[in-house]
Amino acid sequence: MDEKVTLPGLQAMKRERRKIVCVVAWDYQMARIVDRVGVDIVSVGDTVGINLWGQPNPLEITMDQLLVVCQAVRRGVKRALVSCDFPFGPLQEGPDSAVRAAIRLVKEGGVDLVKLDGAADHLDAVAAVNRAGIPVFAQFGITPQTALRFGITYSATPGKGSEVPVEMTDEMVAQAKSLEAAGAALLNFTNSGAVVGPEVVRAVSIPVLGGHGGGPWLDGRIRLATAAIGYGASGVDDPPDTYANVARIAHDAIAEYAADVRAGQQIRGGIPVT
């Protein structure tokens with residue numbers, strides 16, 4: 001688990017049919033934990049604005065905000081590759097803007113690769129960033145920044161209706177091949193579904209990962225660390241289908257702390273009272 005993850009190593013995992021693990025993290029402590037587990041990629045997602053800061057959608061996040069998060073995650077990761085999403089804007093403004101944004105994320109944020117949402121519509125930018133020597137994690141399918149094209153509200157995408165329709169198989173395969181030809185190192189096929197997903201995986205030689213709407217048919221999976229551990233306020237009353245319910249654990253722990261304070265007792269971890 002101590003060997004540093006590399007892109008050639010991930011490509012070898014696809015050939016050998018070994019699954020790639022990607023976790024989305026937004027802070028130093030979680031980055032340290034998931035890196036210690038031995039995940040392959042730690043992704044700084046633009047969903048930090050929604051999940052940690054209460055923003056209504058991922059389009060509000062700025063480059064400066066993402067850079068602060070990247071720096072924290074980078075300090076916590078030693079083994080895994082660190083990826084970061086582009087905020088909405090630089091990719092849409094053209095190849096030159098995309099290259100400048102990618103350079104900032106690498107130089108100031110310390111990331112190993114950049115993730116471009118809606119990359120299939122910006123192949124020239126994918127190629128330009130690749131020529132600049134910065135690996136591209138290309139996201140396509142139904143994504144936060146492309147959902148409007150499909151008439152979908154992205155906050156609803158975990159639902160079954162958000163999967164890429166079967167009749168779009170040829171289009172998705174063509175997009176995946178175009179992204180690979182443009183120089184993408186990895187693909188993030190969002191909401192792939194069990195029919196279209198396998199077709200895309202077979203069509204390209206680079207790894208295809210996915211989160212929402214994905215499954216074991218992909219080369220790997222992407223999951224928010226907070227989602228995997230059940231860290232969300234709703235989990236206090238509605239137990240989530242996750243690997244833990246940290247929301248309930250946190251709620252009960254803070255309740256015990258508050259009770260000790262109100263009872264005039266020393267808090268756990270405080271200076272011993274003699």
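Given the structure is predicted, the values throughout are model-derived calculations rather than measurements.
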Hydrophobic cluster membership, with links at side-chain heavy-atom distances under 4.5 Å among I/L/V/M/F/W/Y: are [X] and [Y] in one?
X      : Y      : value
Ile33  : Ile249 : no
Val37  : Val44  : yes
Val201 : Val166 : no
Leu52  : Val23  : yes
Leu224 : Val236 : no

Validation row: [X], [Y] side chains within 4.5 angstrom (heavy atoms):
X      : Y      : result
Val114 : Arg104 : no
Asp46  : Pro87  : no
Ser43  : Asp85  : yes
Glu180 : Ser205 : yes
Arg74  : Val111 : no
Trp26  : Thr47  : yes
Gln65  : Trp53  : yes
Asp40  : Arg18  : no

If you take all heavy atoms of [X] and [Y], which pair is closest and at what distance?
X      : Y      : answer
Ser192 : Val164 : O-CB, 4.1 Å
Leu209 : Leu218 : C-CD1, 3.9 Å
Gly183 : Asn130 : O-OD1, 3.4 Å
Gly211 : Asn188 : N-OD1, 4.3 Å
Ala101 : Met63  : CB-CE, 3.5 Å
Ala185 : Ile206 : O-CB, 3.5 Å

| query | So does Arg221 have more than 12 non-hydrogen atoms from other groups sitting under 6.0 Å from CZ? | reply | yes

| request: May I ask you to check whether over 12 heavy atoms, not counting those of Lys19, lie within 6.0 Å of atom NZ? | output: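 Enclosed: over 12 neighbouring heavy atoms sit under 6.0 Å from NZ of Lys19.
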
Measuring from [X]:[atom1] to [Y]:[atom2], what's the distance to the nearest 0.5 Å?
X      : Y      : atom1 : atom2 : result
Ile41  : Asp35  : CD1   : CG    : 12.5 Å
Glu93  : Arg100 : CD    : CZ    : 8.0 Å
Ile134 : Leu113 : CD1   : CG    : 10.5 Å
Glu108 : Gln71  : CD    : CD    : 7.5 Å
Gln265 : Tyr257 : CD    : OH    : 13.0 Å
Leu67  : Thr62  : CG    : OG1   : 8.5 Å

| query | Taking Phe140 as the fixed residue, which of Thr190, Val200, Leu116 is the one that meets the side-chain contact (heavy atoms from CB on, under 4.5 Å) rule? | reply | Val200

| task | Report the C-alpha separation of Val82 and Cys70 in whole Å, then their side-chain angles, then the decisive distance to 0.1 Å, and conclude whether the side-chain contact (heavy atoms from CB on, under 4.5 Å) test is met. | result | CA-CA 8 Å; Val82 176; Cys70 285; 5.9 Å; no

| request: For side-chain contact (heavy atoms from CB on, under 4.5 Å), just list the numbers for Arg223 and Thr242, CA-CA rounded to whole Å, side-chain angles, deciding distance to a tenth of an Å, and then say yes or no. | output: CA-CA 11 Å; Arg223 184 71 164 155; Thr242 56; 4.1 Å; yes

